[in-house]
Amino acid sequence: MASFTASSVSFSSVSCSFNQTQVSNLRKASLSFSGKGFSSRRLPSLRFRVACAAKPETVGKVCEIVRKQLALADDREVNGESKFASLGADSLDTVEIVMGLEEEFGISVEEESAQSIATVQDAADLIEKLLEKK
């Protein structure tokens, strides 16, 4: 069981993220609030999702494969937030990118999962999820 303690946590909108090195194998989490702003307020149950981003090395490899598959110029920025469509990929390009990822990482991506990949980060996260299952 993993646990973490913080003297202060700030929330922006409804999302909060933790650095991957801070939280590992987290299955369940609870939050309690105390202090000046919360003493007289009753808070509703909070639901949140903790998602760890893929390793930078994985994102980097995915960027390389995407750049190669789409024949992008070296000065064209490709990062985790890059959307395949905005890089000029059509559906066939996306299938070929997924095939390249399968070959590079030794994984098999189900068609249903492949259809949910829209960004480099999506691909990297799926790869790490599939590698964990191996």
* Hey, could you give me the CD/OG distance between Gln115 and Ser91, rounded to the nearest 0.5 Å? => 10.0 Å

* Mind listing the closest non-hydrogen atom pair of Leu126 and Ser113 along with its distance? => CD2-CB, 3.9 Å

* Heavy-atom donor-acceptor pair, Arg76 side chain to Arg67 backbone, under 3.5 Å -> no

* Structure fact -> dist Glu64:CD -> Glu104:CD (nearest 0.5 Å) comes out at 8.0 Å

* Asked: Residues two or more places apart in sequence or in another chain: which of them pass side-chain hydrogen bond (donor to acceptor under 3.5 Å, both in side chains) with Thr58?
  -> Glu128

* To do: Please name the pair of heavy atoms, one in Ile97 and one in Ile65, separated by the smallest distance, quoted to 0.1 Å.
  => O-CG2, 4.3 Å

* Do Val109 and Leu130 have side chains that get closer than 4.5 Å, going by heavy atoms? -> yes

* Any donor-acceptor N/O pair, Asp125 side chain to Asp122 backbone, under 3.5 Å -> no

* Distance, nearest 0.5 Å, that separates CD of Gln121 from NZ of Lys83 -> 13.5 Å

* **side-chain contact (heavy atoms from CB on, under 4.5 Å) between Val66 and Phe84, worked out** => CA-CA 8 Å; Val66 169; Phe84 293 161; 3.6 Å; yes

* Asked: With respect to Ile127, which candidate in Ile107, Ile117, Val59 satisfies the side chain to side chain contact (heavy atoms under 4.5 Å, CB included) definition?
  -> Ile107

* Minimum-distance pair of heavy atoms, taken over all atoms of Ala89 and Leu70 -> CB-CD2, 3.8 Å

* Asked: Linking I/L/V/M/F/W/Y whenever their side-chain heavy atoms sit closer than 4.5 Å, directly or via other members, would Val98 and Leu131 fall into one cluster?
  -> yes

* **Under 3.5 Å: donor-acceptor pair, side chain of Lys134, backbone of Gly106** => yes

* In Å and rounded to the nearest 0.5 Å, what is the CD to OG1 distance from Gln69 to Thr94? -> 9.5 Å

* Please list, chain by chain and in numerical order, all residues satisfying side-chain hydrogen bond (donor to acceptor under 3.5 Å, both in side chains) with Glu77, sequence neighbours excluded. => Asn79

